2 protein chains.
Amino acid sequence: MQTEAAVSLEISRHPTSVLREQARSQGPFGMIGTPMRFGRNTEIYGEDEAAEYLYQVVSGAVRTYKILEDGRRQIAAFYLPGDIFGFEASDTHISSAEAICETQVMVVKRNALIVRASHERDLARQLWDATALELRRFQEHLMLLISSAEERVIGFLLDMARRAKKNAAIELPMSRQDIADYLGLTIETVSRTFTQLEQSGVIALPTSRRVELRNRAMLNRLTTA
Amino acid sequence: MQTEAAVSLEISRHPTSVLREQARSQGPFGMIGTPMRFGRNTEIYGEDEAAEYLYQVVSGAVRTYKILEDGRRQIAAFYLPGDIFGFEASDTHISSAEAICETQVMVVKRNALIVRASHERDLARQLWDATALELRRFQEHLMLLISSAEERVIGFLLDMARRAKKNAAIELPMSRQDIADYLGLTIETVSRTFTQLEQSGVIALPTSRRVELRNRAMLNRLTTA
DNA sequence: CGCGTAGTTGACACTATTCAATGTCTGTGG
DNA sequence: CCACAGACATTGAATAGTGTCAACTACGCG
């Protein structure tokens with residue numbers, strides 16, 4: 001995968017304008033990035049690989065994760081359209097990244113961006129902002145992990161709803177197992193919690209991947225109950 | 001506290017050379033920083049305050065934390081001598097910071113550092129490195145929080161031992177409550193886990209704050225058991 | 001010496017996990 | 001168009017691990 005990226009970075013300097021427009025409106029990548037596609041469950045980069053590229057999600061979704069020695073998987077973050085990932089402020093990735101579903105990303109050579117950033121004040125600022133956001137997400141994630149199962153699930157849903165910019169209904173790209181591995185719960189507990197929330201009327205589940213937030217006030221109350 | 005810092009930054013440009021020497025050997029702060037002292041349990045900065053300064057611990061220890069709406073406290077990180085904190089890649093602090101015990105820090109104006117970094121390649125690099133380390137610590141912290149109580153405590157102890165550079169014995173500056181709030185456990189569970197580890201012979205507890213790692217091999221095995 | 005804080009220990013309740021079974025959706029081939 | 005396989009999701013019962021509440025102990029400081 002990494003190899004493909006390298007190739008297309010060299011060859012294709014003028015990707016389809018549709019992609020460029022989409023990305024440009026959302027971040028610093030549109031002007032210099034190269035589009036790539038990744039299929040469901042395919043690796044984008046591996047842990048401990050050199051962090052040669054930065055990525056911005058155009059469509060689809062990405063998970064970053066680590067596998068522990070005993071086989072458990074901890075998902076560090078989900079990235080949705082517009083999000084930048086692969087940028088860990090160091091030259092080695094601290095997680096692996098996979099496409100959750102069919103995903104389009106804009107890819108940019110890290111070095112190129114850093115060089116540009118050294119004389120484009122605006123770009124440097126955007127890189128720091130992306131890093132600050134990353135730190136903030138990690139911290140929010142930490143807060144989730146010390147709460148009860150119900151609070152974790154609600155926190156996750158509210159975060160997804162906010163980031164999807166759909167206030168009432170969200171289409172989850174990730175499986176229950178992904179959610180469980182993100183929240184540090186088992187798939188069964190996640191499932192049970194979804195059902196409880198549905199039964200108490202705060203969410204609706206037309207399909208297992210589609211969540212409608214019915215009672216925002218109660219959801220917000222439950223986050224700290 | 002913030003005010004004091006501002007004052008001393010303006011007034012005292014030539015702090016005691018002892019402090020400068022100590023800090024210089026450990027990071028980028030020695031050449032431009034100003035020393036400050038904080039007493040036990042005093043605030044260094046508050047959440048959502050403007051991040052005007054960066055700090056480097058000279059002696060003592062610092063905790064950063066957030067208080068949740070329901071009153072629980074999550075400690076985000078502990079900082080030991082040599083560590084840089086208060087730098088969250090954004091212009092607002094995402095946590096509060098307090099001295100755990102009598103603590104000396106070197107303080108530097110964020111702006112000054114950023115200006116210098118723009119033409120001192122080395123300094124810029126150090127800032128990114130500090131940020132990368134911060135991200136790495138957050139991630140390791142995440143991994144801890146999905147484990148069992150025993151694994152969390154062991155992970156914490158191994159981290160402390162590594163950072164204190166003492167391979168066998170560590171003097172913990174923080175209380176059991178601090179450890180509990182860092183690990184997302186109760187003080188009782190932390191205490192019980194310490195006792196268990198002592199009884200199984202992998203650690204010794206000459207006093208409640210002093211921990212000796214007796215069986216490193218077994219400790220490492222237990223981290224993922 | 002006595003007080004207050006910090007730490008430990010015990011009994012019990014409760015939450016999430018484990019293991020197992022059942023249910024649902026999607027895509028494929030008959 | 002329907003039947004089936006395989007992956008994904010839900011549900012149930014029993015268990016293990018933490019949390020809660022309360023009592024007790026150890027230590028440092030005035």
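A quick note: this is a predicted structure, and the numbers were derived from the prediction, not measured.
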Next on the checklist: Looking at B:R209, I'd like to know whether one of its side-chain N or O atoms comes within less than 4.0 Å of OP1 or OP2 on C:dG7.
Outcome noted: yes

Next on the checklist: Looking at A:R110 and A:E52, is there a salt bridge between them, counting it only when a charged N and a carboxylate O are closer than 4.0 Å?
Outcome noted: no

Next on the checklist: At less than 4.0 Å, is any side-chain N or O atom of A:T186 found next to OP1 or OP2 of C:dT17? Yes or no.
Outcome noted: yes

Checklist entry - A:P206 or A:S147: which one's nearest nucleotide on DNA chain C is closer to the 5' end? => result A:S147

Item to check | Listed nucleotide nearest any side-chain atom of A:L185, set C:dA16, C:dT9, C:dG7 | outcome: C:dA16

Checklist entry - Quick one: is D:dT11 close enough that its OP1 or OP2 comes under 4.0 Å of any side-chain N or O from A:T195? => result yes

Checklist entry - Could you state the interatomic distance from CG (B:L68) to CE (A:M143), rounded to the nearest 0.5 Å? => result 3.5 Å

Checklist entry - Checking side chain to side chain contact (heavy atoms under 4.5 Å, CB included) against A:Y79, which of A:T64, A:I84, A:T103, A:I100 comes through? => result A:T64

Next on the checklist: Just the rounded figure in Å: distance from C1' of D:dT18 to CG of B:D181.
Outcome noted: 15 Å

Checklist entry - On DNA chain C, nearest-nucleotide positions of B:S175 versus A:V190: which is more 5'? => result B:S175

Checklist entry - The side chain of B:S191 lies closest to which of these nucleotides: D:dT11, C:dT9, D:dA9? => result C:dT9

Checklist entry - Nearest-Å distance, CD (B:E188) to P (C:dA13)? => result 17 Å

Next on the checklist: So, under a plain 3.5 Å distance rule, would you say the side chain of A:Q177 forms a donor-acceptor pair with the base of D:dC8?
Outcome noted: no

Checklist entry - Relative to B:F194, does B:R176 satisfy both conditions: NZ or CZ under 6.0 angstrom from the six-membered ring centre, and within 45 degrees of the ring's axis? => result yes

Next on the checklist: What's A:R210 touching, base or sugar-phosphate or nothing? Going by heavy atoms closer than 4.0 Å.
Outcome noted: nothing

Checklist entry - Side chain of B:R192, base of D:dT20: donor and acceptor closer than 3.5 Å? => result yes

Next on the checklist: C:dA16, OP1 or OP2 - any side-chain N/O from A:T189 closer than 4.0 Å?
Outcome noted: no

Checklist outcome for this item: With the side chain defined as heavy atoms from C-beta on, B:R176 is closest, among C:dT8, D:dT18, D:dG12, to C:dT8

